[in-house]
Amino acid sequence: MSANLSALERHFATRSYVEGYTPSQADVHVYKAITSPVPSTYPHVARWYSHITSYTAEFDTLPGSSTAGQSFTQAAAAAPAADPEEEEEIDLFGEDDAEDAEAERIKAERVSAYNAKKANKPKTIAKSVVTLEVKPWDDTTDMQALETSVRSIEMEGLVWGASKLVAVGYGISKLQITLVVEDELVTLDRTGNKLRLRFRQLCQPSEVVYMTKTSIA
């Protein structure tokens, strides 16, 4: 009969005795099965062995039975006894693997949902609100016709807004008109060039007198 030192090492890593919290016949049974010094590779068994040695004189009077100790001993030709705790640990690891797989699945679903939500989120559109000033060449210009001409310019991303006439003297007024443009689609230089090329006989080159940036989702 010999002791299963590997199983004992795992057992004594968290316990002081084979069974219970005091020395018993289970410890005596295992102690007697160890017929040679405990190798240094089994430090927990060596600690237990040294401790039980101090009870040698009391072996016959120690309480309990040897039943619990028998699971750690075996016949010389017999296969090593299965360690119930080792089997339990294997089951626990399997459970951990299942939990890890489930956690990964939930994480993947959340990432996928976030990406879908992000893809469907409306894009923020950068816009500029501009006040444009258009001056006629002289007092003979029909300002109503000039405004109509200005508003006739149409481009994707351009919206004309409110307007007013501002007197500059000598019977001459200038047109101030507000427009909103999408920055990615319309440039003020492009708008100004259209005004200049189309209506250079009616007005002088336009000027920007006010501009602010905004964004709309």
Side-chain angles (χ1 to χ4, degrees), residues 9-10 13-15 43-44 85-217:
E9 180 67 14
R10 291 191 293 272
T14 57
R15 298 171 178 81
H44 297 300
E85 291 187 6
E86 183 178 8
E87 293 179 0
E88 182 179 359
E89 287 180 0
I90 293 175
D91 290 338
L92 288 175
F93 281 127
E95 183 178 344
D96 288 342
D97 290 341
E99 291 178 355
D100 290 344
E102 178 66 11
E104 287 298 322
R105 183 187 67 78
I106 293 174
K107 179 181 178 182
E109 288 180 352
R110 290 178 177 174
V111 170
S112 178
Y114 170 78
N115 289 335
K117 182 179 179 181
K118 186 176 180 181
N120 294 329
K121 184 178 179 181
K123 180 181 178 181
T124 299
I125 301 174
K127 295 188 176 184
S128 297
V129 180
V130 181
T131 298
L132 204 62
E133 189 172 84
V134 184
K135 298 177 182 178
W137 289 112
D138 52 42
D139 59 353
T140 64
T141 301
D142 184 342
M143 297 304 293
Q144 183 62 48
L146 176 59
E147 180 177 348
T148 301
S149 299
V150 170
R151 291 182 182 275
S152 70
I153 295 177
E154 296 181 353
M155 289 185 287
E156 183 182 1
L158 167 63
V159 178
W160 295 103
S163 65
K164 64 179 180 180
L165 295 177
V166 179
V168 295
Y170 305 102
I172 300 175
S173 296
K174 59 185 177 182
L175 173 67
Q176 284 189 350
I177 186 168
T178 300
L179 60 151
V180 179
V181 296
E182 293 185 24
D183 294 344
E184 289 188 0
L185 301 176
V186 180
T187 64
L188 293 177
D189 288 343
R190 183 183 174 193
T191 306
N193 286 337
K194 282 182 175 289
L195 284 172
R196 179 174 56 81
L197 293 174
R198 287 191 186 183
F199 313 115
R200 56 188 173 188
Q201 293 181 346
L202 294 175
C203 63
Q204 302 177 41
S206 58
E207 296 180 8
V208 174
V209 295
Y210 173 82
M211 180 173 66
T212 185
K213 297 287 185 179
T214 186
S215 59
I216 300 175

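Owing to the predicted nature of the structure, the values given are computational and were not obtained by experimental measurement.
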Per-pair distances, 0.1 Å, donor-acceptor, side chain in residues 108-115, under 3.5 Å, sequence neighbours excluded:
unit_1	atom_1	unit_2	atom_2	d
Glu109	OE1	Arg105	NH1	3.4
Glu109	OE2	Arg105	NH1	2.4
Asn115	ND2	Val111	O	3.3

Side chains of [X] and [Y]: does their closest heavy-atom pair fall under 4.5 Å?
| X | Y | result |
| --- | --- | --- |
| Val208 | Leu132 | yes |
| Glu102 | Ile106 | yes |
| Met155 | Leu185 | no |

Hey, what do you get for [atom1] ([X]) to [atom2] ([Y]), rounding to the nearest 0.5 Å?
| X | Y | atom1 | atom2 | result |
| --- | --- | --- | --- | --- |
| Ser149 | Met143 | OG | CE | 10.5 Å |
| Gln176 | Lys135 | CD | NZ | 10.0 Å |
| Glu156 | Glu182 | CD | CD | 7.0 Å |
| Lys164 | Thr178 | NZ | OG1 | 8.5 Å |

[X] and [Y]: which non-hydrogen atoms are nearest, and at how many Å?
| X | Y | answer |
| --- | --- | --- |
| Val186 | Leu158 | CG2-N, 4.1 Å |
| Pro136 | Lys174 | CD-CA, 4.2 Å |
| Arg151 | Ala162 | NH2-C, 4.1 Å |
| Ser163 | Leu175 | CB-CD1, 4.0 Å |
| Lys127 | Val180 | CD-CG1, 4.0 Å |

Point to revise | Audit row: Asp183, Lys213, side chain to side chain contact (heavy atoms under 4.5 Å, CB included) steps and yes/no | key: CA-CA 9 Å; Asp183 294 344; Lys213 297 287 185 179; 3.3 Å; yes
Exercise for review: Using atom types as modelled and distance alone, determine if a side-chain donor or acceptor of Trp137 lies under 3.5 Å from a backbone N or O of Cys203.
Suggested key: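 Pair found, side chain donor or acceptor close to backbone of Cys203.
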Point to revise | Intermediate values then yes/no, side chain to side chain contact (heavy atoms under 4.5 Å, CB included), Ile177 and Thr131 | key: CA-CA 6 Å; Ile177 186 168; Thr131 298; over 6 Å; no
